[in-house]
Amino acid sequence: MHTLLGGAVHDRIALYASGGVPTFTFDQLVSHTKEVVRDGYLGFKMRANPIAYQPAIETERVAAVRVALGPDRLLAVDAVQNFNPQPGA
């Protein structure tokens with residue numbers, strides 16, 4: 001498949017986990033993030049709530065995830081994925 005895109009560019013690619021849905025409580029979000037760390041992922045992409053976006057709450061959610069991830073893992077916030085009612089389908 002990669003030959004259709006011009007060939008291999010990297011020997012290895014680091015994987016990241018995706019999750020952290022906006023309906024999680026803070027405890028659920030932190031617990032989920034700790035599972036990501038335990039599973040050995042190098043990064044985490046969490047979902048923001050683009051429909052009921054509240055900057056103060058999203059800031060607290062991101063801060064909680066950053067603490068749970070630690071300083072050495074990558075963190076991304078996705079405000080679009082929640083528009084997909086069946087992610088991964």
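- Ala14 and Leu42 get closest at one heavy-atom pair: CB-CD1, 3.6 Å.
- Linking Ile, Leu, Val, Met, Phe, Trp and Tyr whenever their side-chain heavy atoms come within less than 4.5 Å puts Val21 and Val62 in one cluster.
- No chain of hydrophobic side-chain contacts below 4.5 Å, direct or via other Ile, Leu, Val, Met, Phe, Trp or Tyr residues, connects Val30 to Val36.
- Shortest non-hydrogen contact noted between Ala68 and Lys34 is CB-CG, 4.3 Å.
- A donor-acceptor distance shorter than 3.5 angstrom exists from the side chain of Thr59 to the backbone of Pro55, with no hydrogens or angles considered.
- Among all heavy-atom pairs drawn from Thr23 and Gln28, the shortest one is O-OE1, 4.1 Å.
- In this structure, Val67 is not a member of the same hydrophobic cluster as Tyr41, with clusters built from ILVMFWY side-chain heavy atoms closer than 4.5 Å.
- Listed here is the closest heavy atom pair of Leu74 and Leu69: O-CD1, 3.7 Å.
- The main-chain N or O of Phe44 is never found under 3.5 Å from a side-chain atom of Arg73 such that the two would form a donor-acceptor pair.
- A side-chain donor-acceptor contact under 3.5 Å links Arg61 to the backbone of Arg47.
- When all heavy atoms are compared, the tightest approach of Pro22 to Ala48 is CG-O, 3.4 Å.
- Note: the hydrophobic cluster containing Val77 does not contain Tyr16 (ILVMFWY, side chain heavy atoms under 4.5 Å, direct or indirect links).
- Rounding to the nearest 0.5 Å gives a distance of 10.5 Å between CZ of Arg38 and OG1 of Thr33.
- The closest side-chain heavy-atom distance from Asp78 to Met46 is not below 4.5 Å.
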